[in-house]
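Note that the structure is a prediction, hence the values are computed from the model and not measured.
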There are 2 protein chains.
Amino acid sequence: MRHFRLNLQTISPLTRRIFTSTSSPSTTFAKPYHIDAATTAAAMAPSKKDKAKKELVKTAKGTRDWYGEDVDLLRDITSQITGVFRKYKGQELRTPVFEREEVLKGKYGEDSKLIYDLKDQGGELLSLRYDLTVPFARWLALNPDVSEFKRYAIDKVYRRDQPAVAKGRMREFYQCDIDFAGPCDPMIFDAEIISVIVEVFEALEWNGRYTIKINDRRILDGLFEVCGVPEDKIRQISSAVDKLDKMPWEEVKKEMVETKGLDEAVADKIGTYVTKKGGRDLLEELKKDEVLQANEKVKKGTEEMEKLMKYLAVEESLDKVSFDLSLARGLDYYTGLIYEVVTEGSAPATVSGSEDSKPKSSKPKKQLGEDDDRSDDPSVGVGSVAAGGRYDNLVERFLPGANMPCVGVSFGVDRIFSITKARIAKGEKFSYITSSATDVYVMAFGGKEFSGMIEERMHIRRLLRRAGYIAELAPKEKPKPQVQFKRGEKAGAPFAVILGEEEQARGEVRLKQMGLPEGHPEKDGVLVKVENLVGEVKTRIDQRNNEAKTSQLSV
Amino acid sequence: MRHFRLNLQTISPLTRRIFTSTSSPSTTFAKPYHIDAATTAAAMAPSKKDKAKKELVKTAKGTRDWYGEDVDLLRDITSQITGVFRKYKGQELRTPVFEREEVLKGKYGEDSKLIYDLKDQGGELLSLRYDLTVPFARWLALNPDVSEFKRYAIDKVYRRDQPAVAKGRMREFYQCDIDFAGPCDPMIFDAEIISVIVEVFEALEWNGRYTIKINDRRILDGLFEVCGVPEDKIRQISSAVDKLDKMPWEEVKKEMVETKGLDEAVADKIGTYVTKKGGRDLLEELKKDEVLQANEKVKKGTEEMEKLMKYLAVEESLDKVSFDLSLARGLDYYTGLIYEVVTEGSAPATVSGSEDSKPKSSKPKKQLGEDDDRSDDPSVGVGSVAAGGRYDNLVERFLPGANMPCVGVSFGVDRIFSITKARIAKGEKFSYITSSATDVYVMAFGGKEFSGMIEERMHIRRLLRRAGYIAELAPKEKPKPQVQFKRGEKAGAPFAVILGEEEQARGEVRLKQMGLPEGHPEKDGVLVKVENLVGEVKTRIDQRNNEAKTSQLSV
């Protein structure tokens, strides 16, 4: 139910190039399969017959296959995130991909139309999960003995939304959530969740390149009351205010007055507040504002905000946070603190500076069907990379009388992935990115009557694998030398072990570093006794890794 | 499309007890949430109103939530398996949970009725994936530039099958597959897949407690031809033979003759072959059988089986393998080698020995609806824990003319999980099981006017977390001492840091090992300077870990 969309929108030109370069694969990626399969298929300008074939095998609209460097990077990123979750004592919960229809019913307001339903094939009516929050609340209600639970989850969720595949706005996308359920004194868990956010982005090496915008629903609602917003308009006005990261105040005001029918004087009053952001200074200002403080909600909200800031100071997270009165967050169910993490390019490029903030409506818009890809629509923005807040009453909707206040955050893994990928393409290094390259390619060379030594090659491969190295060989009984070299190169193996019948007779193999220049004394490799091979490989690989580390440090 | 069902069936009495002990949670599991939520809910014998509530929040039939020790164990198991996959240069592929309907259509024979379809909400017709093999073939067809790919995948698949939740026979269950796609000389990749199987079960520490049954479709089909089975009956007879692990030969023969209408003499001839199993000896026997060798399929199959055994000898896997002429595997699409891994209790208990192999039909059977749980049905067996084979023509069905032979294996993660869990309950230890227990619980004690020292506790927690330890505190401003101790105990923390105002004034805290006996000199903890705390904690935790290791070694 948390209203966090992992759409990747209005990304940097570089990222966009990576995601949309369908006609010529980017040379920064060596493997032939780094582009989303659906995109690749589209790029092949196929004949009619080919097209029919492609139709048969393409992925469903708004979905993608994850493979190659993409899935490796995604795995490295999520492993950093879940590592932090576990340090904060998060426990994993995996719920089924579908829930009984009534579990999801009435939880998402008008977004309910985006829910995927399963066909009625007899038995229960089922729907695909829309987020990970409602299933968590359902689980808490199903397990009333659980009085406190710090749950994390990383899984795919499903929304029949307008897709924009090349921008990462998908119908199937990842959410990566941590939520603390159970009573606590004001802001204790909340501050801990903010610390999780800080530690996650540190673990992802985004040092300082993000801001955690925070606000409190109680402050915001109280402020609307004080300004004179009628009760029944508060949610609408709240969502209008939430657009201040994408539109200038004048536009938002126009929406309030013209579309929502708010009195202009009231809107102007709101404007004096919601354009403010800061830290402790802003809090002090609100505390001194007697008109505001007369409102119970504002009073409570600012008191607790003060506690939060005290705790964030202890956690050394206060400098990452911006108290932003324009932050409202979409969903109804937040009851206290709310937050959203933004990074470079989170807001659409067209409105990030006021000078080029042309109203989007002035641009000619192509009419797009709901299945059409919106990758070329510039009004689609990146949005936040993480978001969440406190929701104290959701579990009660499943289990009346339950006292199970919750606070949590959802990380936009797909967006974080896209931004990280773009940064890698720009040459940035991230220390947590693992390599799965082949260590050693095992080959055999010989003359015309040569057997190919397949069993001998397998034996050597086995020795190396047992020692923990990734070793491969050409799956042919008698592969040609050039085939073996090519495969070794393609696998990115830094070393080759070369078998020959003469060497074999002496219990030896040739160990060769790949890619040595002509004339290098070890260009043809060195002879090694089979019993010493693993040790020799270890020495050389360790040495190579150390050199790589040193050269990275000196950069 | 691989016909591998991860149903957990006819498991050992102990496992069954764990899965079905709904009325009193097993005391071997400390946490309150170790039982499947649906089961727990059912066990609470709820009032009518409660029942309505439970109805609202239960999981869909045949699905479960994974949490607590279960999900931790599942994660440890899959991490061992994927570790081996990556060592064998497997690359991950994640496909969407649903495919376009036509991708799955016509791939699963009469099991197609088990496919979950999505409701037609406009746009494409979609179905949930039934396995990971067809999506892989679809991906290969969509990426025709990929000439070789060693793909692994671990994901959930969906079958509208009769569920038996307490036995782990689920409608949503995990598959964990590795498949090598691309041409190779006979049996080279096949032998490598068998090595993957061996190394996976070694990594899972199932030392010697499993058998890899192997056979070859070509040998089996040729043998049926030689025995005189009519062409159009070969697949039916093949599936009858496949039941030899669950029924005695007499029953299988009866099915062949009475149900399938096979000539009795032909059935008897088949019987002389398919009851044989062995190793190289059996292969030699087949090679000497001139009648058999006159059949081209048998000839080819035995020649390649000989190669396989040679390779398995090099890989030191031959002793794990049983050449079993009764192994047939259900699906049509296997074209060569097939295999299945069985372990203790894979066959239903009632037929494992011939003396107690009463025909199941003699037992009174309750009529069960298709949504009903079959956990109490003794005819439901465990089956294999991994299975697979060579399928050379599947990709062609998506991409005519494609030359993309494949061979792969699917591990039954849910079954492996259940068996491992039962073994742990019996006291077995597995070195790969990770702990996520809290290291240190941070507390504060004081008199009546005591502030509770929440910020100071947070500060200490932060120091410990930054040093990599899992540290927690009670989320109250002024928690009672006994509350803090109870929470510390519940968290399983071996150490507590206790803050007090006097100690604080001296820059000190008390570091205490939990659970020391009365009278122990350090029962009340030791005073430590805050700046030395992390070092002291490290020393003690390292020491404790070393002691644990030593005591495990000496067991």
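- Just one residue in the list A/Tyr311, A/Phe149, A/Phe180 forms a ring pair (Phe, Tyr, Trp, His ring centres under 6.0 Å) with A/Phe189, and that residue is A/Phe180.
- For the set A/Thr95, A/Leu473, A/Asp439, A/Asp120, the entry with the most heavy-atom pairs within less than 4.5 Å of chain B is A/Thr95.
- Counting heavy-atom pairs under 4.5 Å between each of A/Lys156, A/Glu99, A/Lys310 and chain B puts A/Lys310 at the top.
- Of the atoms belonging to B/Thr434, not a single heavy atom falls under 4.5 Å from chain A.
- Listed options A/Arg466, A/Glu199, A/Lys478, A/His459 were ranked by heavy-atom pairs under 4.5 angstrom with chain B; first place goes to A/Arg466.
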Could you walk me through whether B/Glu472 and B/Arg487 satisfy the salt bridge (charged side-chain N to carboxylate O under 4.0 Å, His left out) test, starting with their C-alpha distance in whole Å, then the side-chain angles of each, then the deciding distance to 0.1 Å, before giving a yes or no? CA-CA 9 Å; B/Glu472 288 193 288; B/Arg487 293 181 68 107; over 6 Å; no
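- Within the 3.5 Å criterion, the main-chain N or O of A/Lys119 finds no donor-acceptor partner in the side chain of B/Asp117.
- Ranked by heavy-atom pairs under 4.5 Å with chain A, the list B/Ile470, B/Leu126, B/Leu118, B/Thr438 is led by B/Leu118.
- In this structure, no portion of A/Lys105 lies under 4.5 Å from any heavy atom of chain B.
- With ring centers used as reference points, B/Tyr116 lies under 6.0 Å from A/Phe98.
- When the candidates B/Ile454, B/Leu74, B/Leu128 are compared by the number of heavy-atom contacts under 4.5 Å with chain A, B/Ile454 comes out ahead.
- For chain B, no part of A/Ser317 is nearby; none of its heavy atoms comes within less than 4.5 Å.
- Chain A forms the most heavy-atom pairs under 4.5 Å with one residue out of B/Arg86, B/Lys89, B/Glu172, B/Lys87, and that residue is B/Lys89.
- Contact check for A/Met458 versus B/Glu192: no side-chain heavy atoms found under the 4.5 Å cut-off.
- Interface remark: of the candidates B/Lys476, B/Glu456, B/Lys113, B/Lys476 forms the most heavy-atom pairs closer than 4.5 Å to chain A.
- A salt bridge does not link A/Glu455 to A/Arg457: none of the charged nitrogens lies less than 4.0 Å from a carboxylate oxygen.
- With contacts defined as side-chain heavy-atom distances shorter than 4.5 Å, the pair A/Glu315/B/Arg462 qualifies.
- Neither the backbone nor the side chain of A/Leu464 comes within less than 4.5 Å of any heavy atom in chain B.
- For B/Phe136, no part sits under 4.5 Å from any heavy atom of chain A, backbone or side chain.
- Residues A/Arg160 and B/Gln121 share a closest heavy-atom pair of NH2-O, 2.7 Å.
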